[in-house]
*Asks:* 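Okay, here's the structure, questions in a sec.
Numbers for residues simply follow the sequence, beginning at 1. In each ligand, atom 1 is the first atom listed, and ligand 1 is the first ligand listed.
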Amino acid sequence: MARPTHQTSTTSGTASGPGDTAEIQRLVEDLDGMLSRLRLGAIRERLDALLEEASRRQLNLREALAWLCAAEVASKEQRRLSMAMTIARFPFVRTLEGFEFEAQPSIDPGKIRDLATCRWVANGDNVVLLGPPGVGKTHLEVALGREAVARGYTVQFTTAMELLGSLLKAQQQGMLEARLAQYAKPKLLIIDELGYLPLEPQAGHLFFQLISRRYEQGSVLISSNRSVEEWDEVFGDQVVAAAILDRLMHHSQVVTIRGDSYRLREKRRSGLFRPRAGGPSLAGVGGVPPPTPAKEA
Ligand code: ADP
Ligand code: MG
């Protein structure tokens with residue numbers, strides 16, 4: 001390997017003679033090639049700036065190496081996170097910081113913060129979120145799902161309709177096994193909106209097969225606007241509903257949200273819907289971009 005002859009941290013190599021300049025050029029190219037080969041893209045792309053910064057901070061060689069590695073690790077982690085978020089297919093971005101607990105007093109913030117540690121995901125337990133429309137079920141699912149992604153778990157978000165439609169289609173095409181295996185893969189499967197729309201007669205059996213497949217292997221986070229007593233009706237079959245609940249509830253936590261729709265509350269506050277006395281007092285949804293109407297659940 002070419003030995004560095006220059007003392008500066010930059011690659012410009014100014015005051016040297018023509019021979020030195022050629023050698024520095026070769027060194028720069030060699031280094032560039034090695035960084036590519038080692039897939040150290042962040043160091044490679046920002047090498048001059050990183051070296052300059054290391055020199056400005058008067059880091060010794062070991063410190064400078066650690067500083068370069070930290071930049072690479074941070075960049076790789078950022079890439080992993082962004083890819084895992086894409087794979088999870090969340091319908092929008094929602095975070096726990098953006099959840100106004102004061103607006104939903106029936107939710108125990110301590111319980112949600114405990115869920116955010118994702119111990120239940122590590123254990124393969126389930127969480128069932130129950131409550132009427134607009135109370136923040138999907139918001140919490142996305143926020144908890146993002147926490148799980150951040151902790152390195154594989155996550156997939158889907159709706160009950162999408163999931164069952166996909167299983168049904170796979171069954172018709174003789175590909176049910178493969179599709180079940182696909183949905184069994186992520187460590188956390190989030191199933192949104194069970195009970196909003198009537199299900200096909202076979203849906204209960206397919207759902208049972210999926211829940212059995214995931215039982216004690218991977219976690220399910222499921223939300224429904226119907227109480228579990230009404231799941232007989234949701235699945236149109238008492239026996240199947242009981243079998244699903246038996247497995248789903250075995251290692252599970254249930255969070256029941258009672259209260260007003262946040263959407264209607266927002267409308268009330270903006271004066272579009274039955275104005276209330278008192279005026280605006282609470283801050284907006286901190287830390288979260290304003291909801292995009294087109295993406296609303
Ligand atoms: P659900 O799934 O229960 O029907 P959503 O989670 O879709 O309700 O909530 C509707 C909208 O209101 C979403 O944009 C969500 O981010 C917002 N929202 C609901 N509850 C809260 C809350 N407590 N704090 C902040 N935003 C909320
Ligand atoms: Mg929802």
*Asks:* Can you tell whether the side chains of Glu162 and Arg89 come within less than 4.0 Å, N to carboxylate O?
*Replies:*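 Yes, this pair counts.
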*Asks:* Return yes when Gly134 approaches ligand 1 closer than 4.0 angstrom through a heavy atom, no otherwise.
*Replies:*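 Flag set, Gly134 near ligand 1.
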*Asks:* Restricting to salt bridge (Lys or Arg N to Asp or Glu O under 4.0 Å), what partner residues turn up for Glu200, sequence neighbours left out?
*Replies:*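 If we apply the salt bridge (Lys or Arg N to Asp or Glu O under 4.0 Å) test to Glu200, skipping adjacent residues, there are no hits.
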*Asks:* Show the atoms of ligand 1 that are less than 4.0 angstrom away from any heavy atom in His139.
*Replies:*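 With His139 as reference, the close atoms of ligand 1 come out as 6 (O), 15 (C), 16 (O), 18 (N), 26 (N), 27 (C).
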*Asks:* Other residues, nucleotides and ligands only: do more than 12 of their heavy atoms fall within 6.0 Å of CE on Met249?
*Replies:*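 Counting other residues, nucleotides and ligands, CE of Met249 exceeds 12 neighbours.
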*Asks:* Enumerate the residue pairs fulfilling salt bridge (charged side-chain N to carboxylate O under 4.0 Å, His left out) with a member in residues 165-185, sequence neighbours excluded, ordered by first and then second residue.
*Replies:*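 Listed once each, the pairs are Glu177-Arg213.
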*Asks:* Look at the aromatic rings of His251 and Tyr215 and report parallel, tilted or perpendicular, splitting at 30° and 60°.
*Replies:*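 Parallel, since the angle between the ring planes stays under 30°.
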*Asks:* Going by the atom numbers of ligand 1, which of them fall below 4.0 Å from some non-hydrogen atom of Gly98?
*Replies:*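 Ligand 1 atoms under the 4.0 Å threshold to Gly98: 24 (N), 25 (C).
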*Asks:* Using 2.8 Å as the threshold, say whether any N, O or S atom from Thr138 sits that close to the Mg ion (ligand 2).
*Replies:*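 Given the 2.8 Å cut-off, Thr138 counts as a ligand of the Mg ion (ligand 2).
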*Asks:* Where does Arg94 meet ligand 1, judged by heavy-atom distances below 4.0 Å: at the side chain, the backbone, both, or neither?
*Replies:*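 Answer for Arg94: side chain.
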*Asks:* Using a 4.0 Å cutoff against the non-hydrogen atoms of Glu100, which atoms of ligand 1 qualify?
*Replies:*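 By the 4.0 Å cutoff, the relevant atoms are 22 (C), 23 (N), 24 (N), 25 (C).
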*Asks:* Within ligand 1, which atoms have a heavy atom of Pro133 less than 4.0 Å away?
*Replies:*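 Every atom of ligand 1 under 4.0 Å from some heavy atom of Pro133: 4 (O).
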